[in-house]
Amino acid sequence: MASLCFAQKAVLAPMVRVGSLPMRLLALDYGADIVYCEELIDIKMAQCERVVNDVLETVDFVAPDERVMFRTCSKEEGRVVFQMGTADPERALAVAKLVESDVAAVDVNMGCPKEYSTKGGMGSALLSDPEKIEAILSTLVNGISKPVTCKIRILSTLEDTVNLVKRIEKTGVAAIAVHGRMKEERPRHPVHCDYIQAVAESVSIPVIANGGSSDMVKTFEDIERFREATGASSVMLARAAMWNPSIFRQQGALSVEEVMEEYIRYAVRYDNNPFNTKYCLCQMLRDRVESPFGKRLHAAQTSEEICEVFGMTDFYNKTRAELEARKAALQTNGDQPQLPRLEEGVLTMPVRFERRDYPPQITPKMYLLEWSRKEKLDQPVYETEQRTQDRAFQSTVILDNKKYRSTLWEKSKKFAEQAAAIVCLRSLGLPEGRIGEEHSGLVNKRKRDDKKCAALDANESAARKRHISEVPQEEEEEMICRTKVVNGVCGQTTR
Ligand SMILES: Cc1cc2nc3c(=O)[nH]c(=O)nc-3n(C[C@H](O)[C@H](O)[C@H](O)COP(=O)(O)O)c2cc1C
């Protein structure tokens with residue numbers, strides 16, 4: 001796919017809480033060319049796992065506490081820019097690599113004046129550290145294949161602003177968004193079009209003018225007026241789009257009521273967090289948030305209740321039913337017994353461990369350990385390899401002198417071990433603790449095939465209730481694991 005071009009574009013600005021998937025899709029539907037996600041902090045993103053969500057047809061970046069930090073889908077492919085908050089070139093690169101294949105470009109926030117950003121050296125704190133800016137941007141530009149951009153605020157003099165932007169251009173960024181306010185200025189202060197204009201004249205990369213909502217940009221036509229007033233190549237809108245994303249519509253804005261309904265459709269379809277949905281709807285209601293309608297919305301706690309307030313219960317029920325049916329179909333397909341292949345003495349299957357498929361505190365490794373104990377076998381031994389090129393992991397579990405391995409490489413050692421345990425359990429026709437497993441008929445079918453399994457099955461629901469209390473997490477962690485680095489400095493560890 002061709003690299004994203006930032007010239008002559010109408011852009012949805014990055015906005016914390018507002019810029020989640022439903023708002024981005026809506027802005028694109030109405031005519032935005034490019035959409036930025038909300039700023040995501042590098043430290044939090046670095047801990048995320050990339051998960052393909054087959055039910056929602058999305059790619060999710062999921063934090064260890066199961067929160068979805070960033071969700072994207074094919075509808076915004078090639079048009080979504082990932083914005084991060086960072087003060088560290090290497091961490092920024094690790095995060096950029098994590099999301100690189102799922103986004104059109106990566107942006108660094110250098111304008112946020114809020115304390116939570118600046119005290120960590122991020123956001124507008126970077127503006128007074130040009131060496132750090134250069135280090136972050138050039139590391140990103142050299143380290144990923146997608147375009148890199150940044151978003152700044154103006155400095156206190158025109159000369160300083162132009163000098164900084166020239167240094168930024170030299171790092172190889174594809175574009176620069178300029179919020180025409182200084183870091184001490186608030187939204188009520190007028191935007192400095194002359195600063196943006198001076199920047200646009202001094203660099204050859206596209207400059208994206210920002211800061212025009214409210215005083216300058218109120219309608220679709222104003223977008224072009226703001227562009228002309230700043231001499232910029234493109235325009236980025238935050239608040240004007242937050243209040244009514246149909247401002248991007250060439251034929252004229254739609255009523256907020258209509259827009260809110262469309263927003264809810266995306267929020268339900270993509271299982272958006274209801275509190276996030278409510279927040280965005282409240283921004284669109286603006287001063288009507290205190291009205292009886294606004295209060296009813298405020299009281300809603302779930303997506304279903306939000307839909308009720310908007311008279312969209314039928315839509316909610318239909319969409320949820322479709323998603324549930326899809327999930328059931330996927331689980332049934334996934335439950336078709338898979339036959340392992342024997343590869344160089346190892347039984348293999350292409351399986352991945354998806355945390356969300358298992359109840360909290362239940363893992364395939366626990367199931368395997370418990371089964372091995374019941375069968376009076378030596379406990380499973382995990383040998384893990386790490387490849388140098390992408391630092392991904394692959395585990396082999398050895399049980400009863402047989403080896404089992406997933407052919408897929410995982411981002412973490414823990415997940416690789418779980419995947420190996422799944423291969424072993426499936427090869428032996430044993431239950432693995434997955435949600436809905438007991439309803440799929442799979443367990444019963446296998447039970448008939450494997451008498452040994454019967455005892456475990458009988459205990460299964462009881463074990464689940466007490467979270468397999470006889471196999472506490474710490475003990476599972478103590479299971480014998482060996483890690484070695486493939487093609488790297490070889491080290492074998494036993495813990
Ligand atoms: C609710 C809200 C959240 C914002 N979050 C971000 C953010 O995550 N990253 C960022 O660079 N700027 C953020 N901003 C600043 C906007 O992107 C933009 O620079 C500013 O609002 C000026 O543009 P406007 O006049 O079009 O609103 C946020 C602004 C708002 C109103």
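Hydrogens, waters and symmetry mates are skipped; everything else that's a heavy atom, side chains included, is used. Whatever order the structure lists them in is the order used to number ligands and atoms, beginning at 1.
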Pocket residues of ligand 1, ordered first by chain and then by residue number (heavy-atom cut-off under 4.0 Å) | Ala13, Pro14, Met15, Val16, Glu39, Gln83, Asn109, Lys151, His179, Asn210, Gly211, Gly212, Ser213, Leu237, Ala238, Arg239, Met242
Check whether the side chains of Ser145 and Glu100 place a donor and an acceptor atom closer than 3.5 Å, and report yes or no.
-> yes
Does the pair Arg352/Glu410 count as a salt bridge with the N-to-O cut at 4.0 Å?
-> yes
Summary of ring-ring contact (aromatic ring centres under 6.0 Å, His included) pairs that have at least one residue in residues 157-194, sequence neighbours excluded | His192-Tyr195
With Arg356 via salt bridge (charged side-chain N to carboxylate O under 4.0 Å, His left out) - residues at least two apart = Asp60
Sequence neighbours excluded - ring-ring contact (aromatic ring centres under 6.0 Å, His included) pairs with any residue from residues 68-107 = Phe61-Phe70, Phe70-Phe82
Look up atom CD1 in Ile144 and atom NZ in Lys97, then write down how far apart they are to the nearest 0.5 Å.
-> 9.5 Å
